[in-house]
Amino acid sequence: MDIAQQPLPAYYRLKRRLLADIESGHYGADGRLPTEHALCAEYGLSRTPVARALSELAAEGVVVRHRRRGTFVNPEWMRALRAAPEVSVMTCDQAWEDQLREAAGNDLRLSITSAPLSELRAMFRRAIAEGRGPDLALVDSVWVAEFAESHMLTPIGELDPEWVAEHDADFLPPFADAYRLAGDGIVAVQAQADVTGLWYRREALDAVGASPPGTWRELRALGRALAAGLPRDRYALVMPGGPAATETATYALVGLLAANGATIFTADAVTLDSPAAVETLRFLRRLVDDGVLPAEVVTYDRHRAARLLAAGRADLFVGASYHAELIAAETGTALPEVGERFGFVPLPAGPHGPPAILCGGMVYCIPRQARNPRLAMRLLRAATAPKRLADLCAETGQLPPRRSVLDAMAPVSPFHAQTAALLEHAVMRPSAPVYALVSAQLQTLLEGVLTRRWSPAAGVALAADRISAITGLPVVRA
């Protein structure tokens, strides 16, 4: 995907790209940047975003512009950057790299190691095992219990107890205590938040005169109405449905289970084998039988379902709030305009549960192996500062975990206003040191039931027994 196609403003993406090239010394000894005309041609942009990117870099002192001579890297800025202390960071994609470099500014140099999210957990564990852990890591929130049990993480209170008080006062309830461990205190800090829910195409619902569904009964009726007369390459409802979608499938399934009052496990027992869980899987099987949900969702990767919705090949999508950025990219619209074409609501309530909001997201943590833990803490504070979070979430559609930021964004962002209220009562994914293994069993359960390899009851019972073996907890069968 080139700069012109990405969901953030084109000038901003170009500015990030140029900044990264400047920091790496890409422009050689004289530091001369390409002309505006050359940048337009290289990145497929008009002159307006190119001129704005260069103007902002000049205003920030990164480059110096000389009339008739061109644009040059500011040598004073480069000297200050090279003199800054270095912090090693581990993260999962270019967008996070860009955000952290902006948070670091000219005060810190970052040495960043990156991997796809599907490989990040293994890369982090391997780095720790080999004695080369980073100063700061950005990881999936569900891995925190695993890393903490292995004593890999530094309690934040050991580095900055005053900031912990700020964290406790401003971070929303689902996050303020989620990573607080007995005896250690807070070992991770939420970077951004996302929630499960149901996406829908407004045009599709208007065509059948329907409102967004609030219950399973309404969802099934709406799905049937939408499915009537659809061609074979279009679907009423899609979702990530198996191991190919990795954690995205687990996120969807756990949200649907929560919408019917079903849980996976507690601190004392595996609770998955319950009538509410069986009923949830049976409901999904019925949607397949109705022609509402295609069985082929078991083959989808983690982005396939969202792309079908964006392309107009699906009308409903069980996904998450973070899909707003992908939908914007796929439809070629600015993020604020996504809400004009698509809606996002809590997952409809099952017979035994409320409309469900399940929380997730990435977190910052500082390994005990960190060579510069206090510099890492400085970067963490900068990355989670209110203005930085507001800018990040306005650009990406993600949800800020701080109440003050949500309150400030709600009046100017309809999407954030709509989802902000959902966060106060959201629940977190089940936490355990062996979560990754549990997640794999839930993905297999979903695939097995949708493909009729198992009945809902047999699949749930088998998954509960396997999770019991993984966690060492007894199964409580309701």
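Keep in mind that what you see is a predicted model, and the values were worked out from it rather than measured.
Remark: Asp407 engages no residue in a salt bridge (charged side-chain N to carboxylate O under 4.0 Å, His left out) (not counting sequence neighbours). For the salt bridge (charged side-chain N to carboxylate O under 4.0 Å, His left out) test, residues two or more places apart in sequence or in another chain that qualify with Arg101 are Glu23. For Thr263, the side-chain contact (heavy atoms from CB on, under 4.5 Å) partners are Thr271, not counting sequence neighbours. Under the side-chain contact (heavy atoms from CB on, under 4.5 Å) criterion, Val278 pairs with Arg282, Pro456, Ala457, Val460, not counting sequence neighbours. Taking the ring pair (Phe, Tyr, Trp, His ring centres under 6.0 Å) definition, one finds that Phe171 meets it with His167, sequence neighbours left out. Taking Glu130 as the reference, Arg132 meet the salt bridge (charged side-chain N to carboxylate O under 4.0 Å, His left out) condition, with sequence neighbours excluded.
Asp391 and Lys387 are joined by a salt bridge, as a carboxylate oxygen and a charged side-chain nitrogen come within less than 4.0 angstrom of each other. Salt-bridge formation is not detected for the pair Glu340/Arg202: no Lys NZ or Arg NE/NH1/NH2 atom is positioned less than 4.0 Å from an Asp or Glu carboxylate oxygen.
Between Phe283 and Trp216, the angle of the ring planes stays under 30°, which puts this pair in the parallel group of the 30/60° scheme.
Checked by atom type and distance alone, the side chain of Ser439 never pairs as donor or acceptor with a backbone atom of Tyr435 at under 3.5 Å.
When ring centroids are compared, Phe147 and Phe124 come within the 6.0 Å threshold.
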Given the rule in the ring pair (Phe, Tyr, Trp, His ring centres under 6.0 Å) test, do Phe317 and His323 qualify, once you have shown the distances and angles that lead to the verdict? CA-CA 10 Å; Phe317 160 48; His323 284 112; 4.9 Å; yes
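You'll find the side chain of Leu198 reaches within 4.5 Å of the side chain of Leu219, heavy atoms only.
Side-chain atoms of Asp135 and Ser88 include a donor-acceptor pair closer than 3.5 Å.
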